[in-house]
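All remarks here apply to the structure that follows.
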Amino acid sequence: MRIVNLNPDTNIGASSWFLDIEGHRLLMDAGVHPKREGRDALPRYDAVKDEEVDAIAISHCHHDHVGSLPVGLRYFPQAHVLMPELSYFLVERVLHNSVNVMKRQRDELGIREYPLFSHDEVDEIAPVFQGFKYNREVDWAAFHKTRAGLISPTLEFYDAGHALGSAGIMVRGQKETIFYTGDVCFHDQTILKRARFEGVKADVLIMETTRGGREIPEGFTRETELDRLSQSIQKVLERKGSILIPTFALGRTQEILALLALMMAQKKLPSQPIYIGGLGRVFTEIYDLEAHRTHRQYPDLQLNESLNLVVLEQGQADKMRLSGGRIFVITAGMMSENTAAHNLALRMIGDPDQAIFFVGYTDPDTPGGRLRKAQHGETFIFSPSGGEVTRRCLIEEFDLTAHANRGDLLDFVGAVGPRTVLLSHGETDARNWFESQINSRYPGIKVIQPKPAEPILA
Ligand SMILES: [Zn+2]
Ligand SMILES: [Zn+2]
């Protein structure tokens, strides 16, 4: 089979894979690069533009996996779009939100190429989206080819336990199989249960490596980490400080809200409003509405009913009093400029009563990343508009990752038993760790770190 990594970056970027299996062509994911701007953020669709792509399969609705789907469909207008059932309920919201964000960036940052697609375009392509339950085998080849007597390869989504509607993708041809992990989590989170990748066997494996550079400290458990977060929240509220937890809108926000709801139910936290962003609220509602279809813990826990969720209006966070012990779970992981999280953090940084808790990945080159690194009392440049600040607030980090730990992924490689592994979705040190570990533990498996747009025969 022939595979092309369309991510323009070798690190975490715009996930997208071209696959030619037995004469049928599939795109897996159509992401957008979280750190690049304009057309540079797109996958290298140009490298495969002359191919006849029959279908596009989406692993989940994070921007780095789905954010350029309308652009991908411009290259391959005949392709139908397949995704896990629960992603089907999210995808249009995510894409419409992208249009809004890009329009804002055009106005505020002067990025002329934005938006890369329009609301109308999202509405026009929506009818070709199809949602499928996990563990159903689906034909995906173009109709005219199967009519001509060619047998269609199949595709099957496996629950990846990473965010609502996330999946690994199994593609089965007549002779060969390939499995793409997407983003995967092999441990239970507060809401979502772990991935169900049991029994997966494939000739070729495309694997994420997000946590390859991270060794789990001795004695670490998710439970002790959650206890520590819960105690830290209580301490800050006792002294009437406010807490900002920057998160991504889909997944992490709902996991944190579930933790807060459980804490309130156990009287570890007084009942009080939780301030969130608009997109976070939309996804929280979908988590609630689709609870019965989700492989999850606390199936009866409805976040919207259990919590007093208050959506911050534009500019509201700039004026609110912070001395009353408020909790903000705001949907802007990187604290980019012109967001509520950025402006709120700017007000909190110099105040020793306030606290900012990081619970996920933060890129070091973003305001959030610079803040996270700053020592107590250190003066640093937070952002161009925020300027120089001195950190006096409390900063803590909690490891509540939604990505598989590296040891679990390494075991997974052994269970799948592929002849070739393609490493992706991780920094250089993370990919290198996996390459050397796989080489020594499974010497029969060939390891490839595919370069952008380079065709690979696997
Ligand atoms: Zn993801
Ligand atoms: Zn991702």
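Counting starts at 1 for both ligands and their atoms, following the listed order.
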Evaluate the criterion ring-ring contact (aromatic ring centres under 6.0 Å, His included) for residue pair H187 and H403; output intermediate values, then yes/no. CA-CA 9 Å; H187 55 263; H403 289 272; 9.6 Å; no
Would you say the ring centroid of F197 lies under 6.0 angstrom from that of F179? yes
With 2.8 Å as the threshold, which protein atoms of type N, O or S lie near the Zn ion (ligand 1)? Leave waters out. H60 NE2, H62 ND1, H162 NE2, D183 OD2
Mark yes when over 12 heavy atoms from residues, nucleotides or ligands other than E215 sit less than 6.0 Å from its CD; otherwise mark no. no
Contact between Y158 and Y134 at the side-chain level, heavy atoms closer than 4.5 Å - yes or no? no
With no hydrogens and no angle check, is any side-chain donor or acceptor of E208 less than 3.5 Å from a backbone partner on V184? yes
Please list all pairs meeting salt bridge (charged side-chain N to carboxylate O under 4.0 Å, His left out) that have one or both residues in residues 53-73, counting only residues at least two apart or in different chains. D54-K145
